[in-house]
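Heads up: the structure comes next, in structure tokens.
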2 protein chains.
Amino acid sequence: MSEADHNTEHEILEAAKKVFIRKGLDGARMQEIADEAGINKALLHYYFRTKEKLFESIFTQVLQGFAPCIVAIMTSDLPLFTKIESFADTYIDLLLENPYVPNFLVNENNRNPERFVNMLKGQGVNPNILRDQIKREVEAGIICDITVENLMVNLVSLCVFPFAARNIFCSMFGQNEEEYNMFIRNRKKEIPKLIIGSLQPRPNKPHDSVA
Amino acid sequence: MSEADHNTEHEILEAAKKVFIRKGLDGARMQEIADEAGINKALLHYYFRTKEKLFESIFTQVLQGFAPCIVAIMTSDLPLFTKIESFADTYIDLLLENPYVPNFLVNENNRNPERFVNMLKGQGVNPNILRDQIKREVEAGIICDITVENLMVNLVSLCVFPFAARNIFCSMFGQNEEEYNMFIRNRKKEIPKLIIGSLQPRPNKPHDSVA
DNA sequence: AACTGGTTTAACCATATGGTTAAACTAAAT
DNA sequence: ATTTAGTTTAACCATATGGTTAAACCAGTT
């Protein structure tokens, strides 16, 4: 029997991920995780001594799933516009596969900010490379000026928030799950269009007067 | 002695708001709320029989604090650009005064979507008026076409998400609290600029080809 | 046959927590 | 002086929950 097969640890991690992401640390019950994994509480504690340890595993696992995407846009050496398009595309795909993760992360970010910040430091997220790229492209006349901070916050907000506020928007617009997913898939193109449009260099002034 | 003075109920509500917003329904302890209100648990239950009831009060109170802003942009008859500017300005001010509310709402939205949806229905949020306005302004050549959904999601995402992900961005950019607040205040102008810029009608095509 | 590690069962413990209760106290109202 | 609403104190209850434990079970291994 291959190890990956009856690998109970893996089952537990999958189950814990599901439960923790949906209910958070406080809301999750060890019993529920055991049930979800198809085992019993004793065995659950046999593998992961405490709830905290189990949560820690899930948290880092989830975070590491989302880090590469962010690191890529921060560090790769593609042209900025390409990066933006690629980020929106892959990030939204990732989110569509893990729609509850934004809530989970926002929640944990609230409950235990230190853990979050410490975890991030280990991921090598450094805005300076992107800052330099922006500077270079501004000087080359490819884009008009913007801060890394505004660019990143705009991009991430537009991609992530529609997931965090899914129900709110859904009910606000009277959409069902599938319609909303379609709407979000559509945004894979809308978001870059919006941001890249705002970065188009203007002949004279950095901002146009409202007609 | 005026009622508003020793008004214990008010004290309790303030305390509960603080605790619930920071820790959520699951994380909040009745004892903690009592302490925060400077009273004891017995009296707390004397005023609000159950945790649920108390939470309900806080939840509706918080939601109603944020509804008017949304309703205004959906229903008032100002020109669209004015609305957008006004929304970003007043909404971000409101958020700066209640920085933990986005987390609270996202959290609750996750934990109990039904409550959220039901609550929203009572607030008279109806996108059709705004939809009509957009249609009119498109036909008048004031703006280029966009769906209400995309406009609202963009606007709200850009305003709210920087609060929900405060620590993440803060640590990502090495900013302290005050710098980040400044950054956000700055976005009161940046966000309308971005969105209004994208709505500027183009002479021929609805989207420009990348230079 | 004996051993081994993973697994189950089921009881159990300590603690936290939401909620209740009764008795006493205080201060204002009558 | 009595009443009354608000408040405190402190004990108490029921339950949920994280975590432990011991004994038995079962499948492969030796």
Side-chain angles (χ1 to χ4, degrees), chain A residues 1-62 104 107-108 110-112 114-115, chain B residues 1-62 104 107-108 110-112 114-115:
Chain A
M1 222 171 281
S2 81
E3 296 130 25
D5 228 0
H6 79 308
N7 196 338
T8 308
E9 188 169 332
H10 183 255
E11 294 280 309
I12 293 177
L13 286 172
E14 282 301 297
K17 196 172 167 184
K18 221 183 261 181
V19 176
F20 276 135
I21 285 180
R22 283 241 167 88
K23 311 221 168 171
L25 212 194
D26 293 326
R29 302 294 135 203
M30 290 301 265
Q31 186 60 58
E32 197 181 349
I33 294 173
D35 291 348
E36 180 78 36
I39 59 165
N40 56 310
K41 213 176 53 163
L43 192 60
L44 180 55
H45 279 94
Y46 175 78
Y47 275 88
F48 295 85
R49 268 212 194 118
T50 69
K51 195 186 185 186
E52 266 294 324
K53 279 185 199 299
L54 183 53
F55 183 79
E56 195 90 7
S57 300
I58 301 301
F59 181 69
T60 56
Q61 186 192 322
V62 168
F104 174 69
N107 195 341
E108 178 60 16
N110 191 33
R111 222 190 50 83
N112 189 343
E114 301 80 28
R115 164 146 51 196
Chain B
M1 220 170 286
S2 83
E3 296 131 25
D5 228 359
H6 80 308
N7 196 337
T8 306
E9 187 168 333
H10 184 255
E11 295 279 311
I12 292 176
L13 286 172
E14 283 300 298
K17 197 172 167 184
K18 221 182 263 182
V19 176
F20 276 136
I21 284 180
R22 285 242 166 89
K23 312 222 168 171
L25 212 194
D26 293 326
R29 303 293 132 205
M30 291 300 266
Q31 186 59 60
E32 195 181 350
I33 294 172
D35 291 347
E36 179 78 36
I39 59 166
N40 56 310
K41 214 177 53 164
L43 192 60
L44 181 56
H45 279 94
Y46 175 79
Y47 275 89
F48 296 84
R49 269 210 195 124
T50 69
K51 195 185 184 185
E52 266 294 323
K53 279 185 198 302
L54 182 53
F55 184 81
E56 195 92 8
S57 301
I58 302 300
F59 182 69
T60 57
Q61 187 192 322
V62 168
F104 174 70
N107 196 341
E108 179 59 17
N110 191 31
R111 223 189 49 81
N112 189 343
E114 301 79 31
R115 163 146 51 194

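By convention in this document, chain letters (A, B, ...) are assigned in the order of the sequence lines, proteins followed by strands, and residues within each chain are numbered from 1.
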With a non-hydrogen cut-off below 4.0 angstrom, is Tyr47(B) in contact with a base, only sugar-phosphate, or nothing?
sugar-phosphate
Salt bridge Lys53(B)-Glu56(B), side-chain N to carboxylate O under 4.0 Å:
no
Could you tell me the separation between the CD atom of Glu9(A) and the P atom of dT7(C), rounded to a whole number of Å?
10 Å
Can you measure from OG1 (Thr60(A)) to CZ (Phe55(A)) and round to the nearest 0.5 angstrom?
10.0 Å
Please tell me if Thr8(A) has a side-chain N or O lying less than 4.0 Å from either OP1 or OP2 of dT7(C).
yes
Under 4.0 Å between a side-chain N/O of Tyr46(B) and OP1 or OP2 of dG6(D), yes or no?
yes
Leu13(A) and His10(A): side-chain contact (heavy atoms from CB on, under 4.5 Å), yes or no, with the steps?
CA-CA 5 Å; Leu13(A) 286 172; His10(A) 183 255; 5.5 Å; no
Measure the distance from CG on Leu43(A) to P on dG18(D) and round it to the nearest whole Å.
17 Å
Between dT8(D) (P) and Ile39(B) (CD1): distance, integer Å
7 Å
Quick check on DNA chain C: between Gly38(A) and Ala42(B), whose nearest nucleotide comes earlier from the 5' end?
Gly38(A)
What's the NE2-C1' distance between His45(B) and dA10(D), to the nearest Å?
16 Å
Measuring from the side chain of Lys51(B) (C-beta onward, heavy atoms only), which nucleotide among dT21(C), dG19(C), dT7(C) has the closest atom?
dG19(C)
When rounded to the nearest 0.5 angstrom, what distance separates CZ in Phe59(A) from CZ in Arg115(A)?
6.5 Å
Any N/O donor-acceptor pair, Lys41(B) side-chain to dG19(C) base, under 3.5 Å:
yes
Under 3.5 Å, which donor-acceptor pairs link side chains of residues 19-29 of chain A to any protein atom two or more places apart or in another chain?
{"unit_1": "Lys23(A)", "atom_1": "NZ", "unit_2": "Glu32(A)", "atom_2": "OE2", "d": "3.2"}
{"unit_1": "Arg29(A)", "atom_1": "NH2", "unit_2": "Asp26(A)", "atom_2": "O", "d": "2.7"}

Could you give the side-chain donor-acceptor pairs of residues 36-49 of chain B under 3.5 Å, partners two or more places apart or in another chain?
{"unit_1": "Glu36(B)", "atom_1": "OE2", "unit_2": "Lys18(B)", "atom_2": "NZ", "d": "3.1"}
{"unit_1": "His45(B)", "atom_1": "ND1", "unit_2": "Lys41(B)", "atom_2": "O", "d": "3.3"}

Round to a whole Å and report the spacing from CG of Asn40(B) to C1' of dG6(D).
11 Å
Apply side chain to side chain donor-acceptor pair (under 3.5 Å) to Glu11(A) and Asn7(A), showing your working.
CA-CA 7 Å; Glu11(A) 294 280 309; Asn7(A) 196 338; over 6 Å; no
How long is the line joining CG of Leu44(B) and C1' of dT20(C), in whole Å?
13 Å
Any residue of residues 23-37 of chain A with a heavy atom less than 4.0 Å from an atom of DNA chain D:
Ala28(A), Arg29(A), Met30(A)
